[in-house]
Amino acid sequence: MTARILVVDDIPANVKLLEARLVAEYFDVLTAGDGRSALAICENTSVDLVLLDIMMPDMDGFEVCERLKANSRTAHIPVVMVTALDQPSDRVRGLKAGADDFLTKPVNDLQLMSRVKSLVRLKNVSDELRLRAQTAHTIGLQELARADRPDEPGNVLLVDGRASSQERLLRALKPIAEVSVIADPQAALFEAAENSFDLVIVNANFDDYDPLRLCSQLRSLERTRFIPILLVTEQGSEEMIVRALELGVTDYIMRPVDPNELVARSLTQVRRKHCNDRLRASVQHTIELAITDDLTGLHNRRYLDGHLKLLIDRASARGRPLSICITDIDRFKLVNDTYGHDAGDEVLREFANRVRATVRGADLACRFGGEEFVIVMPDTTPEMAAIVAERLRLMIEGRAFGISHGGTVLSVTASLGIATLRPQDDTPEALLKRADTALYQAKNNGRNRVVAAAA
Ligand code: GH3
Ligand code: MG
């Protein structure tokens, strides 16, 4: 992971120290000796993370943080406040100023790296989201364009073997999350798999149980592998923390737990989870848009071209029948010419609805083009396909189509051609071609009928 990190401190020795450690981990480091130059750098260069000292003459860290967060060009940059151990109130002020995380001086290497990496990962995901939101906005997809939504409360699972600490952690988390508490780590695994949590907090305080076992199980289960894990450990358990981070635990916090630190770290993880979820949803949505026909909501031809081959291969491999039906609306041009294109669109939508209502869940219905539709029917013999096609024909003919055009109702009919997969050397193109030839014959024979291609 590489990222550009800005270290801000008025004491050159402190800057050098952090710089050296970060450079050793191959981060790209920029430095600033005061608040104003830090703001200028963030404004003019792309910075992935700011490590910000609090005590600085002229403009202190709180003010720098507030200004960064108030400026829309820099608000997305994560800020880690470097606070003195003996000033716990600084953390509250830091949170109020919008800081994303804290590090306590003297800065410990493990903490520095785990926090920096965690926040850089979060920023990478949210950068990608912001980029997609821009694109979505440009192409008019408003629903995807809201990247900078306010934080939604997270769903947190707290796994803690002791009642007293459960209560303390619960109190700290209440304002920012819905928390479920569970004492038994094995039950917690099921709980996590069955519900959708944004964060699992594992307090390493069980009597007879290795908390890393739970962490590792959470990482290996399909249903829970993407949930961030925050481990709560004893001071001095560095070895366990290193192993935990290797296992994929996302962050850790030491006892005694500072409620503000817990809140800041939990918020970071919940944000990251939400960002990731949205990113995944946006990928899903983009894919759906690419394979869906706008007008009817059926799959489009691009999808059919990709998927028909798979369905054919599967049917051939299993020695199962597969049939397809191509249907084309009769004299559809007349609808457009008489009632206008919008009325034509309404008929197409209603036609698609009837197709959808006719087919089984396993069938694939697509708009093939204009007023032509294709239904792919796995596990369907020619006889069955003929029955389905006839049922669809009746569904179209049997009930008139209403259009907004002054309460007009139209009689619509369709012609249908069906074809069945030939075992062995059949291809999607050849199968479609046979169905299309049958359709052409149905048109020639007088329309409003089903014709089956010769086997
Ligand atoms: P046939 O019975 O031989 O199929 O006659 P037809 O009029 O249905 O066939 P033709 O191919 O001559 O005309 C198809 C028409 O479908 C022409 C085209 O403008 C119209 N069409 C294609 N796509 C759309 C669409 O998305 N919306 C609307 N409203 N019309 C469309
Ligand atoms: Mg037609």
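In what follows, residues are counted from 1 in the order of the sequence shown. Here the structure is a predicted model, which means the values were calculated and not measured. Atoms within each ligand, like the ligands themselves, are counted from 1 in listed order.
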Just wondering, are more than 12 heavy atoms of other shown residues or ligands nearer than 6.0 Å to [atom1] in [X]?
{"X": "Arg302", "atom1": "CZ", "answer": "no"}
{"X": "Arg360", "atom1": "CZ", "answer": "yes"}
{"X": "Asn44", "atom1": "CG", "answer": "yes"}
{"X": "Glu178", "atom1": "CD", "answer": "no"}
{"X": "Arg314", "atom1": "CZ", "answer": "no"}
{"X": "Phe332", "atom1": "CZ", "answer": "yes"}

With a 4.0 Å heavy-atom cut-off (strictly under), which part of [X] contacts ligand 1: side chain, backbone, both or neither?
{"X": "Leu334", "result": "neither"}
{"X": "Asp345", "result": "both"}
{"X": "Arg367", "result": "side chain"}

Closest approach of any protein heavy atom to [atom], naming residue and atom:
{"atom": "atom 14 (C) of ligand 1", "answer": "Glu371 CD, 3.6 Å"}
{"atom": "atom 6 (P) of ligand 1", "answer": "Phe332 N, 3.3 Å"}
{"atom": "atom 1 (P) of ligand 1", "answer": "Lys443 NZ, 3.3 Å"}
{"atom": "atom 3 (O) of ligand 1", "answer": "Arg447 NH2, 3.0 Å"}
{"atom": "atom 5 (O) of ligand 1", "answer": "Arg331 N, 3.3 Å"}
{"atom": "atom 12 (O) of ligand 1", "answer": "Lys333 CD, 3.8 Å"}
{"atom": "atom 30 (N) of ligand 1", "answer": "Asn336 ND2, 2.8 Å"}

Under 4.0 Å from a heavy atom of [X]: which atoms of ligand 1 are those, numbered in the order shown and with their elements?
{"X": "His341", "result": "27 (N), 28 (C), 29 (N), 30 (N)"}
{"X": "Gly344", "result": "29 (N)"}
{"X": "Ile329", "result": "2 (O), 4 (O), 8 (O)"}
{"X": "Leu348", "result": "24 (C), 25 (C), 26 (O), 27 (N), 28 (C)"}
{"X": "Asp328", "result": "4 (O)"}

Report task. Give a yes/no verdict on a cation-pi contact between Arg349 and Phe401, requiring under 6.0 Å between NZ or CZ and the six-membered ring centre and an angle within 45° of the axis. Result ->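 Output no; distance or angle outside limits.
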I'd like to check [X] versus [Y] (side-chain heavy atoms, cut-off strictly below 4.5 Å). Are they in contact?
{"X": "Ile396", "Y": "Leu394", "answer": "no"}
{"X": "Asp251", "Y": "Ser114", "answer": "yes"}
{"X": "Thr381", "Y": "Pro321", "answer": "yes"}

Query raised in the report: By atom name, which N, O or S atom of Glu371 is the nearest to the Mg ion (ligand 2)?
Result: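 Going by distance to the Mg ion (ligand 2), the closest N, O or S atom in Glu371 is OE1.
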Requested in this report: Rounded to the nearest 10 degrees, what's the angle OD1 of Asp328 makes with O of Ile329 at the Mg ion (ligand 2)? Could you check?
Outcome: 80°
Report task. Taking atom types as modelled, find out whether Asn300 and Arg367 have a side-chain donor-acceptor pair closer than 3.5 angstrom. Result -> no
Query raised in the report: Roughly how far apart are Leu304 CG and Leu432 CG, rounded to 0.5 Å?
Result: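 If I round to the nearest 0.5 Å, the distance is 6.0 Å.
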Report task. Look at the N, O or S atoms of Glu372, main chain and side chain alike, and state whether any lies under 2.8 Å from the Mg ion (ligand 2). Result ->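 False for Glu372.
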Query raised in the report: With only distance considered, is Leu295 within less than 3.5 Å of ligand 1 through an N or O on each side?
Result: no
Query - Option of least heavy-atom distance to atom 23 (N) of ligand 1 (set: Ala442, Gly370, Gly369) - result: Gly370
